[in-house]
Amino acid sequence: MAATPLPIAPAKRDDNIVRLVVSLQAIKKDETDKLCYFDQTKTLPEIVSEKCKEWHIDGDPAGYALKLKVPMKARPSMGSPTKMQEQPPTPKTTERGVYLTEKNRVELKAGQFLELNLSPSQYVSKVLEQLRTHQRNLIIESLTTDMMDITFASQFARQDGSTVLFRLFEEARTATPQDMKGLRWCLSALNELLSHNIVAFDSLSIDFINSAVAIIGQGFSRSDSEAAATVACALRIVALYVKNTAGGYELITKSISFPALSSHTESRNSEFVERALQLINSLIAAAPGERERLELFDSLEKCNIDSNLSAIVYVDAESAAVPSFSHELYLFQSYSLNRLNARRTCFFDPANMDHQQNLKCLRTALPEIDEVGIAGKVRQVVSSSDAVESWRKLGFTNPDQPEKDLQAPPGLLALDIMAYFANQDPQGFSSSVLGQLNRPEKYAFPFVRMSLAVTELLLELLRVGQRPSDDGGNYLPMFFSASGKFFKQMFCACMHITTKTWQSMDAVQEDFDKVLLVLRKQLNTIFALPVHDQPTTVEAFKATVSANYTYAIIEQRDLERMRSSEENLRKTDSVKQVYKQLLAVNERLVGQHRLAIMRDGEFFARPKASKKSRLFLCLAPNNKTLYWDEIDGPAKPPLARLQNSCAVGDLRELSCQTAVPSFKQGREDAYKLAFAFRVDVQQDSVEMVAADQYQYDMWVDGFRALMEKELCEARAKADIERLANLDLKLRLLELYDADLPTALPVPPPPPADLNFYYEVSSESIS
């Protein structure tokens, strides 16, 4: 079949005209695709009406609509192997139709495919008619894809299609196991319909929810793809119900089996695990109080959910990096870490024996060097007379009453993890404390003070106590390797790192904030890495920091980044303009410095005078008069004794080196420090020779400053550039890491005239 020729293009290019291909296969099976121009200035009903008339489509144009074909990337089907097995399948990409609306028509691009189809109301009526008859099997599979389009789903709900689906669900529940496919597609369509929040979740019957919970609790073979897909749909529907209803949490927690729910996270299919984790997160978020939330976590931990999740995070990291799955892992991590907030706000109680025992644990675990200072003589501090000294060496700010340090956040949480550090990692504890005892107090590592600060820093960076982000997805793989002890293990690792940083910096107590800043940079760098590049265990985290993010490396990278940022800023026109102004300002400043030297006065040799006679030259304090005379003695004379003088404004000429009038052919190096000035053209020049290059540079540029000329000597130019660069660095500090335009903004064109006016109306006055 020959394709329809392309309509004549507009004579002039119009951005509102889009060239598209329209398929008529849904209306006329034998019709070829049409090439047409889509006018964005016209309404969709006008366009459809024109095209129906142009292509001779029978019936009322209002019964037709355009669909946009969009790609749909599907995950592997339930039960299919994933990367955890030998040969992972490649996800297939198919297309689905989305009704063109006034909202999404702006996304049309030239060359896209449209499809002329029945209007949403007509198409939904046709689908419902088939669902009510024995033709339902022909339409039920494609219904899920159609339901992804919110325009179709809205019309489907408007025509009470949800009631038909609920009836089909009940029929499928009582069908034979061989008919599980119909149940799967029915739940899948309901899943997509409910995800649009078109149908009120409160309108769902309790029997329907209980049936979905029963499906979740039933066992099935992992190789049964239909059963797995059915359970996955049920998991998502129940998760949405818990999230969007007030009584969903109570209803589901009473009827669901947590061992069965946790067992679903053992699946080798990432989408299946994601659905189970979505329900778990919904239950945690919907828990009415902290006690219920902790009980829920206890039930899940008894079912080894951490081990199940860690398996798929490490073995199938590619699937875990899918945005929706990453978000669920991030939510679970956030909810789990937020349990620490209760302990963070709980403070030390002297009457509580557990609190006293944890505090005592730190002191009894503290080794102390004998006063004699002989290495290796270590004894345990157990006597009460040594208690205050022990608290001081541990780094308590209140050694007389150490409990005061635990009366503010992070409170008992810090005490718990310090005790954990002392008991579970005695070698690391000794490294942080014992290695510092023989150092002067100024250089000693403040263990407790640093522990409190590190705990607060970890709580801050891990966002403990904050509501999880709705679009967050940057979870930490090493969180799932710690089996519920992630925070404690991270604390121990951070204390190892800060101890090494303290020693490498040879830090003193005043450097405490600087050491903590280094740790913050190290943690921020690791946490900001893409998920697939992050360390998978806490030990790997320590190794990564030691290899790539030590204090010396971070300092060098910061320096390189500042240099690079400064170089980029210097290339912009605006900074170039500022630098040019700074050169002019600092040239005047360097000139003032030269004038200050001239005001002190100095002796100079004369080219042909006696060695006993020297020329003394001095500038008046007000910079307006220049005095000179030949002096025999070594002492500087007062200005009143100098017989020759002239006003600065009378200076006419400055000669340097070979330009000095008395210079004759001969040794050029003999006059390289010579210079002369002339007051009147009729008079001889006053000639002199500087003692060294420094004196020559200062006085020659001093004369140029007096005569308001450019300073030309290399020393002056170097001073000007050095001062301008320093001034510019100070100004650019506030712009560090800022993106500045590379070119100056273009000024707007001048107005047509300068007759500016405004109108005052009665409405504006009122």
Side-chain angles (χ1 to χ4, degrees), residues 453 457 460-461 498 501-502 504-529 545 548-599 623 693-702 704-706 708-747:
L457 178 61
E460 175 192 343
L461 298 183
T498 51
T501 303
W502 189 277
S504 65
M505 292 174 57
D506 201 18
V508 296
Q509 298 297 324
E510 290 76 10
D511 295 327
F512 181 89
D513 292 336
K514 188 175 181 180
V515 174
L516 197 63
L517 179 61
V518 172
L519 178 63
R520 177 185 290 273
K521 290 181 179 180
Q522 291 167 331
L523 291 172
N524 278 330
T525 303
I526 297 295
F527 291 169
L529 291 174
V545 171
N548 303 308
Y549 303 105
T550 60
Y551 164 69
I553 295 175
I554 287 179
E555 192 175 48
Q556 181 63 29
R557 288 176 180 172
D558 286 346
L559 183 60
E560 292 175 357
R561 189 162 52 249
M562 288 187 66
R563 286 175 179 171
S564 176
S565 176
E566 182 180 333
E567 289 175 2
N568 293 334
L569 287 173
R570 282 177 175 270
K571 294 177 182 178
T572 62
D573 291 343
S574 54
V575 175
K576 287 180 180 178
Q577 206 172 51
V578 172
Y579 184 67
K580 187 176 180 180
Q581 295 173 359
L582 292 177
L583 287 175
V585 170
N586 285 283
E587 183 177 10
R588 292 192 292 271
L589 182 63
V590 171
Q592 291 296 324
H593 171 259
R594 284 12 180 199
L595 295 180
I597 292 177
M598 294 180 71
R599 287 195 294 272
N623 296 342
Q693 187 67 44
Y694 178 82
Q695 187 184 43
Y696 175 84
D697 291 344
M698 295 298 108
W699 280 81
V700 167
D701 276 330
R704 291 191 178 111
L706 285 175
E708 297 182 352
K709 294 182 178 180
E710 181 183 358
L711 308 186
C712 300
E713 299 304 318
R715 193 186 303 272
K717 289 185 177 296
D719 290 344
I720 294 169
E721 290 181 1
R722 183 165 55 252
L723 291 173
N725 285 330
L726 181 60
D727 199 350
L728 185 63
K729 283 178 182 289
L730 294 174
R731 292 170 184 260
L732 293 181
L733 282 177
E734 297 181 359
L735 301 178
Y736 176 60
D737 276 347
D739 294 329
L740 294 182
T742 56
L744 293 174
V746 179

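Everything numeric in this text was worked out from a predicted model, so none of it was measured.
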Over 12 foreign heavy atoms within 6.0 Å of CD, Glu510 = yes
Look up atom [atom1] in [X] and atom [atom2] in [Y], then write down how far apart they are to the nearest 0.5 Å.
X      : Y      : atom1 : atom2 : result
Leu517 : Phe512 : CG    : CZ    : 12.0 Å
Ile720 : Arg588 : CD1   : CZ    : 10.5 Å
Gln522 : Ile553 : CD    : CD1   : 9.5 Å

Just wondering, do [Y] and [X] contact through their side chains at under 4.5 Å, heavy atoms?
X      : Y      : answer
Lys514 : Met505 : yes
Glu721 : Tyr579 : yes
Thr501 : Leu519 : no
Ile597 : Gln695 : no
Met598 : Met698 : no
Thr498 : Trp502 : no

Where [X] and [Y] come nearest, the two heavy atoms and their spacing:
X      : Y      : result
Val515 : Ala507 : CG2-CB, 4.1 Å
Leu589 : Leu723 : CD2-CD1, 4.0 Å
Gly591 : Leu711 : N-CD1, 3.8 Å
Cys712 : Asp701 : N-OD1, 3.2 Å
Leu595 : Gly702 : CD2-O, 3.6 Å

Dump the intermediate steps for salt bridge (Lys or Arg N to Asp or Glu O under 4.0 Å) on Lys717 and Glu710, then the final yes or no.
-> CA-CA 10 Å; Lys717 289 185 177 296; Glu710 181 183 358; 3.4 Å; yes
Under the salt bridge (charged side-chain N to carboxylate O under 4.0 Å, His left out) test, which residues partner Lys576, sequence neighbours left out?
-> none
Without swapping roles, check the side chain of [X] against the backbone of [Y] for a donor-acceptor pair under 3.5 Å.
X      : Y      : value
Glu713 : Val700 : no
Asn586 : Leu582 : yes
Asn548 : Val545 : no

May I ask you to decide whether Arg704 forms a salt bridge with Glu587, counting only side-chain N to carboxylate O separations under 4.0 Å?
-> no
Non-neighbouring partners of Asp697 that pass side-chain hydrogen bond (donor to acceptor under 3.5 Å, both in side chains), sequence neighbours left out | Gln693, Arg715
Passes salt bridge (Lys or Arg N to Asp or Glu O under 4.0 Å), Arg594 versus Asp719? Steps please.
-> CA-CA 11 Å; Arg594 284 12 180 199; Asp719 290 344; 3.1 Å; yes
